[in-house]
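This is a predicted model, so every value here is computed, not measured. Only heavy atoms go into these numbers, but all of them, side chains included; no hydrogens, no water, no symmetry mates.
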2 protein chains.
Amino acid sequence: MEPAVRRGRPRSEAADARINGAALELLLERGYDAFSVDEVAVKAGVAKTTLYRRWPTKDHLVVAVVARMQDEVPVEYRGDVRADLTRYLNAIVDGLDRMRLAGRPAASGDASAGLVAEVAAAAARHADIGSAVQAMFVRRNALVLRLIEEARDAGELCEDVEPEVLFDQLAGALYYRLLITGRPIGTAYVDRLVTSVLRGAAA
Amino acid sequence: MEPAVRRGRPRSEAADARINGAALELLLERGYDAFSVDEVAVKAGVAKTTLYRRWPTKDHLVVAVVARMQDEVPVEYRGDVRADLTRYLNAIVDGLDRMRLAGRPAASGDASAGLVAEVAAAAARHADIGSAVQAMFVRRNALVLRLIEEARDAGELCEDVEPEVLFDQLAGALYYRLLITGRPIGTAYVDRLVTSVLRGAAA
DNA sequence: GGCATTACGCAACAGCCGTAGCGGAAAGAC
DNA sequence: GTCTTTCCGCTACGGCTGTTGCGTAATGCC
């Protein structure tokens, strides 16, 4: 894809590192609105044009920062769909929780959409971000879809279960509560959700 | 709540009407980014300060415009949960579809988050918008929760079904596809979704 | 070494958001 | 009628986003 060796002067990796550090720090402590590209440039000791040479808009920068703080969630079928899905969903919730903004104390259990909502909005605003976000979720979800298929093949789930729909029910409920209704998401809710979803799918 | 009679000079209702018209038109044809408060003021023939006297930020104005284009979705239990829920969810999808931006052709069936994502982001940015949005959804969803309860009491659903969780699965899947994965949402998908959800809940 | 290419820092700019101050207009309160 | 309160239009402003132009630095290619 990308030519390994590019023609002119190479990008300063030191600048990359300083920008990433400054942007991450400022984004978490300020939130999207008060997060300013100018300030990132100053804090990183870099000209603003250097930032815009890497990301065409503030949205692209923010999404890149958020994407970088996403770590892999282990997905593995260990022979118990209920336990495996519960573990996975709880990991997702933890990941979302870690993306809460520093400023907002977020009364315990409160679902603070924070940066997730900004990423969704950025995806809606810019087609290229939308494609990238979708691709990321397709890749992540593929593992869970395989897990569901394995559980079905192992006889834990009905033959005619639709993995995609089943997963939409699980993940959708979480994101719906996070982004729309703002209701709390705890381990108790995850348990209730998995119970409700699996009741119709269990063999 | 609000004092019916206020003290000083009353707000110009003519200005209200012109602002609403101009804002709605410009928002739909431009999208959130290119939608400019200055331009609304010019198009409405009104000073910018008149706008900011009504809405403290651009986000508040946008959310107000979007809220005004939401019409009531009829919810009624007619004795067939599957049909009733399917009808309701399809109405939701239609409503979301109507909020698509004029500019984006949205390849048939494509879920274009458009303004929905912006409202979610605005809710995450401003606590007062968040509260208002949540209250709106609580009110809307209350009708569907009652529908589910009636169906349960009528013996169509299990005794121990949890209406809130069940509804999260349904609505969540739709918004998840719309906002996150961007996968298409059609009547066929709604059918598959309702089938999957009701299978575990049916008595 | 010389050339094309790309990155860097710096400065200036247009457009937008949101605020502040002003004179004047339209209502209620007395 | 007078006073107070609130709205209106106007102007100006600070801060942010994103762009442009310029001189300079670093790399590959010949």
Side-chain angles (χ1 to χ4, degrees), chain A residues 2-23 26-27 29-65 118 121-122 124-129, chain B residues 2-20 22-23 25-27 29-65 118 121-122 124-129:
Chain A
E2 293 282 330
V5 176
R6 305 211 303 184
R7 284 277 313 236
R9 171 176 176 174
R11 296 245 170 109
S12 161
E13 297 182 15
D16 284 341
R18 287 203 308 272
I19 292 171
N20 290 336
L26 288 176
L27 182 59
E29 90 183 20
R30 294 226 198 300
Y32 180 87
D33 258 2
F35 173 83
S36 135
V37 178
D38 281 348
E39 206 173 353
V40 173
V42 171
K43 181 157 186 163
V46 153
K48 191 169 54 160
T49 43
T50 297
L51 278 168
Y52 278 99
R53 206 169 289 116
R54 287 161 168 74
W55 299 279
T57 73
K58 168 178 169 174
D59 280 350
H60 288 77
L61 172 56
V62 168
V63 171
V65 170
E118 300 297 348
R125 285 195 276 257
H126 315 279
D128 56 342
I129 293 183
Chain B
E2 293 279 331
V5 176
R6 306 209 304 182
R7 282 277 316 232
R9 172 177 177 175
R11 296 245 170 109
S12 162
E13 298 184 13
D16 284 341
R18 287 203 309 274
I19 292 171
N20 289 336
E25 193 170 332
L26 287 175
L27 182 59
E29 89 183 20
R30 293 223 198 303
Y32 180 87
D33 259 1
F35 173 83
S36 132
V37 178
D38 282 354
E39 205 173 352
V40 173
V42 170
K43 179 157 190 164
V46 151
K48 191 168 54 161
T49 43
T50 298
L51 279 167
Y52 278 99
R53 207 169 287 115
R54 287 162 168 73
W55 298 279
T57 72
K58 168 178 170 174
D59 280 349
H60 288 77
L61 172 57
V62 168
V63 171
V65 171
E118 300 297 348
R125 284 194 277 258
H126 313 280
D128 55 342
I129 293 183

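- Near DNA chain D, defined here as any heavy-atom distance below 4.0 Å, the residues from residues 49-59 of chain B are B:Thr49, B:Thr50, B:Arg53, B:Arg54, listed numerically.
- Annotation for A:Leu51 and A:Val37: closest pair CD1-O, 3.5 Å, computed over non-hydrogen atoms.
- Atoms NZ and CG, on B:Lys43 and B:Asp38 in that order, are 15.0 Å from each other to the nearest 0.5 Å.
- The CD-P distance, from B:Glu13 to C:dA26, rounds to 15 Å in whole Å.
- With hydrogens and angles disregarded, a donor-acceptor distance shorter than 3.5 Å links the side chain of B:Arg11 to the backbone of B:Arg53.
- Rounded to an integer number of Å, the gap from CZ of A:Arg7 to P of D:dC29 is 7 Å.
- The nearest whole Å value for the distance from the CZ atom in B:Arg11 to the C1' atom in C:dA25 is 16 Å.
- Counting to the nearest Å, the P atom of C:dG18 and the CG atom of B:Asp38 are 10 Å from each other.
- Between the P atom of D:dT19 and the NZ atom of A:Lys48 lies a distance of 10 Å, rounded to the nearest Å.
- The separation between A:Glu39 atom CD and D:dG18 atom C1' is 17 Å, rounded to whole Å.
- The distance between atom CZ of A:Arg9 and atom C1' of D:dA26, rounded to the nearest whole Å, is 5 Å.
- Applying the side-chain contact (heavy atoms from CB on, under 4.5 Å) criterion to B:Arg9, with sequence neighbours excluded, gives no partner residue.
- Residues satisfying the side-chain hydrogen bond (donor to acceptor under 3.5 Å, both in side chains) test with A:Asp33, not counting sequence neighbours, are none.
- For the pair B:Ser36 and C:dG15, the criterion of a side-chain N or O lying under 4.0 Å from OP1 or OP2 is not met.
- Rounded to a whole Å, the CZ atom of B:Arg18 is 14 Å from the C1' atom of D:dC7.
- Across every non-hydrogen atom of A:Tyr32 and A:Arg125, the tightest pair is OH-NH2, 3.6 Å.
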